[in-house]
Participant: 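I'd like to ask you about the structure that follows.
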Amino acid sequence: MARINVEDHKKAIFTLNGIPPFEEEMTFYYDESGNCRKFSLTDAGFNNTDALKGDFVLAGVAHEGRSFDIDVPSLYAALDYKEGQKELKFKHLFHNSKDFQSFIGSKRATGFLEWLIRSGLYIHYSALNNLYYSLVDIVDSLWETHPQWLMYMWDIKGALYDFVIEHQDEVIDIFIRHTYPNVKDVSTFCNEICSLIWGYNDDSEYDPGFFLELLRQMLKTAGKLDKLIFVQDNEPFMLIQEYYIFYTERCEIFSKSRFRQDLCAKLFAGSG
């Protein structure tokens, strides 16, 4: 079995986000939803329209150490369930609620949250927007020549995402013609994106106008250099090849911890 030293990568992640390294030993239980397996461009747009509407979510519970005792009977009582229910889904909690406001004040929701607070368990949750994730390599390709604007990284990425949502057909047409993310003619690709931004953007607005204009200027430079490193030399049209990296990343970040996937039944049976 191959062993990988993840400490350098782990340190980089925590440094980038400005938080101290996580060294505690935990046990994570997690499951996923919204895994479309592959996300890619097609002649008609995208291979999976559901992936545009919903995020890929990786979430679950965690506890300190290797073992943990869970008071299952009190959970059933809080939910007004009969013992034996094997899986807890949102529809069971939402029940007859009409909307979020009525749901969050319902007996089942408040009972579950109160039980969770008393239980000693932690919730971990991450959501990946497939389209956003497919776009940000454009912005990340620009820091080599524009490191002075790194402070605006999230603003620029957000502005690009919002712009693509608003002008999706036109942007995706450019992507398809340039076999994104395997762009061959970077100069033309950048010029077309710049022209589109120029035609629609109101740069008198700080957000997103200022950040879109900043992106446009950065793309102009990239076009002159004919270089967007992260959207070149990739498989044409393939936006997300697989989702396993989001599992392995957690193993790297929480390197002292243990991980169990889709074992909620065992968890709520009380096995650590």
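Position 1 is the first residue of the sequence, and the numbers go up from there.
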Participant: Does any N or O in the side chain of S126 come within less than 3.5 Å of the main-chain N or O of L58, such that one atom is a donor and the other an acceptor?
Facilitator: yes

Participant: Looking only at heavy atoms, which two atoms of T27 and G65 are closest? And how far apart?
Facilitator: OG1-O, 2.6 Å

Participant: Specify whether Y243 and F246 have parallel, tilted or perpendicular ring planes, treating 30° as the upper limit for parallel and 60° as the lower limit for perpendicular.
Facilitator: tilted

Participant: Verify, without hydrogens or angle tests, whether N182 (side chain) and Q232 (backbone) share a donor-acceptor contact under 3.5 angstrom.
Facilitator: no

Participant: Using only atom types and a distance under 3.5 Å, with no angle test, would you say the side chain of S257 pairs donor to acceptor with the backbone of M26?
Facilitator: yes

Participant: For the residue pair F259 and F254, categorise the inter-ring angle as parallel (less than 30°), tilted (30 to 60°) or perpendicular (more than 60°).
Facilitator: tilted

Participant: Evaluate the salt bridge (Lys or Arg N to Asp or Glu O under 4.0 Å) criterion for residues K220 and E192: first the C-alpha distance (whole Å), next the side-chain angles of each, then the deciding distance (0.1 Å), finally the verdict.
Facilitator: CA-CA 10 Å; K220 284 173 64 177; E192 291 184 20; over 6 Å; no

Participant: Checking the side chain of H124 only, and the main-chain atoms of Y29 only, is there a donor and an acceptor separated by less than 3.5 Å?
Facilitator: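 The answer is yes, because a donor-acceptor pair under 3.5 Å joins these two groups.
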
Participant: Verify whether the ring centers belonging to F163 and F211 lie closer than 6.0 Å.
Facilitator: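 Judged by ring-centre distance (under 6.0 Å), F163 and F211 do not meet the cut-off.
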
Participant: Hey, are K157 and D140 close enough for a salt bridge, meaning a charged N less than 4.0 Å from a carboxylate O?
Facilitator: yes

Participant: Quick check for you: to the nearest 0.5 Å, what is the distance between S134 atom OG and L52 atom CG?
Facilitator: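 Output value for this atom pair is 9.0 Å.
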
Participant: Do V139 and L150 belong together in a cluster built from hydrophobic side chains that touch within less than 4.5 Å?
Facilitator: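 Same hydrophobic cluster.
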
Participant: Do side-chain atoms of N48 reach the backbone of C36 as a donor and acceptor pair under 3.5 angstrom?
Facilitator: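 Checking the backbone N and O of C36 against the side chain of N48, no donor-acceptor pair under 3.5 Å is found.
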
Participant: Verify, without hydrogens or angle tests, whether D226 (side chain) and V186 (backbone) share a donor-acceptor contact under 3.5 angstrom.
Facilitator: yes

Participant: Spell out, yes or no, whether I156 and M151 are grouped together once hydrophobic residues are joined by side-chain heavy atoms under 4.5 Å, including indirect joins.
Facilitator: yes

Participant: Between W149 and Y152, how do the two ring planes meet: parallel, tilted or perpendicular, split at 30° and 60°?
Facilitator: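 Plane angle under 30°, so parallel.
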
Participant: For the hydrophobic clusters of this structure (ILVMFWY residues joined by side-chain heavy atoms under 4.5 Å, transitively), does one cluster hold both L142 and I229?
Facilitator: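 The answer is no; the residues belong to distinct hydrophobic clusters.
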
Participant: For the pair S97 (side chain) and D99 (backbone), establish whether a donor and an acceptor sit closer than 3.5 Å, ignoring hydrogens and angles.
Facilitator: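 Answer holds: no.
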
Participant: With a 3.5 Å distance limit and no angle check, can you tell me whether N191 reaches the backbone of S187 through a side-chain donor-acceptor pair?
Facilitator: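 Yes, because the side chain of N191 sits within donor-acceptor range (under 3.5 Å) of the backbone of S187.
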
Participant: Could you check E23 against K10 for salt bridge (Lys or Arg N to Asp or Glu O under 4.0 Å), going step by step and ending with a plain yes or no?
Facilitator: CA-CA 11 Å; E23 302 294 350; K10 173 181 173 180; 3.2 Å; yes

Participant: Working note: E25 + R66, criterion salt bridge (Lys or Arg N to Asp or Glu O under 4.0 Å); need CA distance, chi angles, decisive distance, verdict.
Facilitator: CA-CA 8 Å; E25 181 184 20; R66 294 198 167 202; 2.9 Å; yes

Participant: Would you confirm whether the ring centroid of Y30 sits within less than 6.0 angstrom of the ring centroid of Y247?
Facilitator: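 Yes, the ring centres sit under 6.0 Å apart.
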
Participant: Just by distance, do the side chain of N201 and the backbone of L212 share a donor-acceptor pair under 3.5 Å?
Facilitator: no

Participant: For the hydrophobic clusters of this structure (ILVMFWY residues joined by side-chain heavy atoms under 4.5 Å, transitively), does one cluster hold both I176 and V231?
Facilitator: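 Yes: a chain of side-chain contacts under 4.5 Å links I176 to V231.
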
Participant: How about Y122 and H63: are their ring centres within less than 6.0 Å of each other?
Facilitator: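 No; H63 has its ring centre 6.0 Å or more from that of Y122.
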
Participant: Keeping the roles fixed (side chain from K256, backbone from E24), state whether a donor-acceptor pair exists under 3.5 Å.
Facilitator: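 Looks like no, no N/O pair under 3.5 Å.
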
